Student: 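This structure is in structure tokens; I'll ask about it shortly.
Keep in mind it's a predicted model, so treat the numbers as computed, not measured.
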Amino acid sequence: MTALTPPWPKDLIDLDDFSPGQLIHILDTAENFKEVSEREIKKVPTLRGKLVVLFFHENSTRTRLSFEVAAKRLSADTVALSASGSSLAKGESLLDTARNIEAMKPDALVIRHGASGAPNFLARRLSFPVLNAGDGAHAHPTQALLDLLTLRETKGRLEGLKVAIIGDIAHSRVARSNMIGLTRLGARVAVAGPPSMLCAALAETYGVEVYTRPEPALEGADAVMMLRIQLERQSGAIFPGAREYARVYGLNRERLRLARSDAVILHPGPVNQGVEMTPEVYNDERSVILPQVTNGVAVRMALLHLLIERPTARVTA
Amino acid sequence: MTALTPPWPKDLIDLDDFSPGQLIHILDTAENFKEVSEREIKKVPTLRGKLVVLFFHENSTRTRLSFEVAAKRLSADTVALSASGSSLAKGESLLDTARNIEAMKPDALVIRHGASGAPNFLARRLSFPVLNAGDGAHAHPTQALLDLLTLRETKGRLEGLKVAIIGDIAHSRVARSNMIGLTRLGARVAVAGPPSMLCAALAETYGVEVYTRPEPALEGADAVMMLRIQLERQSGAIFPGAREYARVYGLNRERLRLARSDAVILHPGPVNQGVEMTPEVYNDERSVILPQVTNGVAVRMALLHLLIERPTARVTA
Amino acid sequence: MTALTPPWPKDLIDLDDFSPGQLIHILDTAENFKEVSEREIKKVPTLRGKLVVLFFHENSTRTRLSFEVAAKRLSADTVALSASGSSLAKGESLLDTARNIEAMKPDALVIRHGASGAPNFLARRLSFPVLNAGDGAHAHPTQALLDLLTLRETKGRLEGLKVAIIGDIAHSRVARSNMIGLTRLGARVAVAGPPSMLCAALAETYGVEVYTRPEPALEGADAVMMLRIQLERQSGAIFPGAREYARVYGLNRERLRLARSDAVILHPGPVNQGVEMTPEVYNDERSVILPQVTNGVAVRMALLHLLIERPTARVTA
């Protein structure tokens, strides 16, 4: 059995580098770590003496804080590097900056970057684990893993679930990583969005159902994931305006009735209330947006542990 | 006796939430912690494995550093969040940001915010302790507590002292918290400032003497607290100009002679030398401005300890 | 023997405060600490419970990160202070800010400042160790020490080496500290740069050879140190343009042939490839630019340890 196990990746770039068995193992590890955050002393010595470098090129509250809290709960040290205070401002290339970091002997680099592919570019050139905390429109694998953990926790399983993902599918790294993770673990995914926010190859590439209206995606769904509309980034070209978007694609009580009565509601946050969903839906008891945040810390603890320590625990594919 | 003890507040919003006995208990605890900062190893394991989130919406050196040092001396972990790097920049509400922080299971939130009432608004909605590090013109309770500690240390008591507070009383959170704390612990408070920096209800609301000239406030004072003039914020409307202010309200050697010969001089810092006081007074041996800073760390250690650990030690009211 | 030992300086301002024996002792200590960064658990309890304040007035990736990593590997706590978020923005003087920091009882202050002399000014007024992380055009002693360590490591000795330093000698704090350290430890230094980047007193003040062309400096050199051209700071007055500079002073394969065949290439980073050196030279196996970064952590660990702990180990002058 263990002979069939694919090698454990050095880095976390996106979920397609991980076998279904490895993804399950990450979720199981996260579930174990979740309990640490509930203790009186919220700390384990797992990564004592390890150094995690947090390199956030784009602003982020949730993800940066979540990684920092995860590292500290494992007793790792953290140092942070932002684009503005760094040598990048002096014209140094990303790779040169990373090689300088490498020379200080860190144990992991967590990077968020506006350019799709930047984490992968570095991962192939650096000797230590690189964890993608979001790169351009490419991938956001820790977000997808916390979504998977939240779904498995609330629905009891992933296999056979119908998950609707609604919003700017074509430009969302959250959608991409989720489509990969969910289908890999046996869920059925239906995506919906305005035609300008979809692209032709989605169905074929990811094995998902694609709709230009939210209703067929919501029909009978076990979970609804609303993507954040980047109001601050949208230009008129692909986006009809927040009010129009809300009217046709926003999640309100009527539309939510199309899903199963026990459907859970996810959102990567921060939510534009009144756009992606009504305040009523946001505050619905089936919303699991804050449990997602809690799971984010657990998932990142699991990943830091698994990639830095590379424990030899056998995982069957 | 213990039956009369009011419950220990969950949060630190302002000093009027604390009974005189509780205030004394905070000062006693701070006095004990002060010794830690004098040790060879300046650290105790009191808050090991606890997470303190520092959320500073307004710039601050002293207060942010002081809280961070206090948390670290107690072996707590800290993570920092600023307004610019946070989701608030993406239009998320303060409460949503705070609820996201809560989902990461911190043990305390230290917040400085430009809007009066923001810490209290959050404290009533969050399950864990919120510590006000200064909110608008409302309150700055850790500053007042460090002032109380410094006064008790240098004068040997608080009861019966005459304390003069001079400056922009009406708009100063430092003045407000001090008026509450000092009167609650039996000190006599006399405030003075230009009419535009006073307000009608001061005497009645806080039980203090109010003067438009500094001299009667200084007369026989055991301590003189000069407030910072926010030169960068003043518009012409209420402020006659720094030179004019210094001439009439600034503390110089002559004016200081009105106070008792052993009167101590306090200031929350940073001092505008030549405005609130002459350089001569700033450097006078009775100035306790730097001991105030030292006491700030001790007071914040005490508060983090008392609010996070909620030790069951009985305090009589 | 020990009677001849000069007292160990309280601070690190520049290398001329240290005797040759003390410099060697710093390098030996750094060499010992280097091994810590190679361990599974990259941390020793040397500075447990100590507080290191990092005060960076100018941007810096390498140096700030390196000091922070060094402090954490020694188990010290760190707090950071930047100019923008500090009371300096409120008009407080540097000394007042530093005295406030002092009142919080730190164990060391690491400062980078644009004004030459600022660290020394503070060091003479503060009771605890001040470490200069680069001040104006004056000194960058930790950079010079990591250069010395790298040279000793790769060449086996310092005494008798010929070291060429090429670039803006007159305005470079890296050059100044290196000229002092190298000559003090018996190396022969030859500097070269455009006449506008040299000054008359160099030969006499530092005991170095001075050339306006790189060739005689490179001739037979054991090591070549290329200085960073501050493209972002240069005005036309002293700088002929990057292309012209590269043509006459840049290190390329032909020019490098003048040095010994086993000469190593140093640069304080970040490198402007194509200006100070060609990409070919940058990637040459004799380039030790990344080992310099690794040694930077070790040197800073040694200095924090030696200045904070002031171990009584005897060092002969």
Student: So how far is it from B:Arg62 CZ to C:Leu81 CG, rounded to the nearest 0.5 Å?
Tutor: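 Answer rounded to 0.5 Å: 10.5 Å.
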Student: Whether the side chain of B:Thr294 engages the backbone of C:Ala103 through a donor-acceptor N/O pair (distance < 3.5 Å, no angle test) should be reported.
Tutor: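 The answer is yes, because a donor-acceptor pair under 3.5 Å joins these two groups.
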Student: How long is the gap from CG on B:Leu290 to CD on C:Glu102, to the nearest 0.5 Å?
Tutor: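 The distance works out to 8.0 Å.
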Student: For C:Leu47, is it the side chain, the backbone, both, or neither that has a heavy atom closer than 4.5 Å to a heavy atom of chain B?
Tutor: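 Neither part.
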Student: So, do B:Lys43 and C:Leu51 sit near enough that their side-chain heavy atoms are less than 4.5 Å apart?
Tutor: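 When only atoms from C-beta onward are counted, C:Leu51 and B:Lys43 do not touch, as no gap falls below 4.5 Å.
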Student: So, the side chain of C:Lys50 versus the backbone of B:Ile41: is there a donor-acceptor pair under 3.5 Å, distance only?
Tutor: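 Side chain of C:Lys50 to backbone of B:Ile41, a donor-acceptor pair under 3.5 Å: no, none is there.
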Student: Stepwise, does the side chain to side chain contact (heavy atoms under 4.5 Å, CB included) test hold for C:Lys105 with B:Lys34?
Tutor: CA-CA 11 Å; C:Lys105 314 288 181 185; B:Lys34 218 180 146 172; over 6 Å; no
Student: Are any of the side-chain nitrogens in B:Lys42 or C:Asp77 under 4.0 Å away from the carboxylate oxygens of its partner?
Tutor: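 Result for this pair is no, no salt bridge flagged.
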Student: To the nearest 0.5 Å, tell me how far B:Glu68 CD sits from C:Thr78 OG1.
Tutor: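 Between atom CD of B:Glu68 and atom OG1 of C:Thr78 there are 7.5 Å.
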Student: Indicate yes or no: does C:Arg48 engage B:Glu40 in a salt bridge with an N to O separation below 4.0 Å.
Tutor: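 No, C:Arg48 and B:Glu40 are not salt-bridged.
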Student: Kindly determine whether B:Leu65 and C:Met104 satisfy side chain to side chain contact (heavy atoms under 4.5 Å, CB included), including the steps that lead there.
Tutor: CA-CA 9 Å; B:Leu65 260 192; C:Met104 296 184 198; 4.0 Å; yes
Student: With chain B as the partner, which of C:Val53, C:Asn100, C:Val79 has the greatest number of non-hydrogen pairs under 4.5 Å?
Tutor: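 Greatest number of close heavy-atom pairs with chain B: C:Asn100.
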Student: Can you tell me which portion of B:Arg39 sits under 4.5 Å from chain C's heavy atoms? Options are side chain, backbone, both or neither.
Tutor: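 Contact with chain C: none, neither part.
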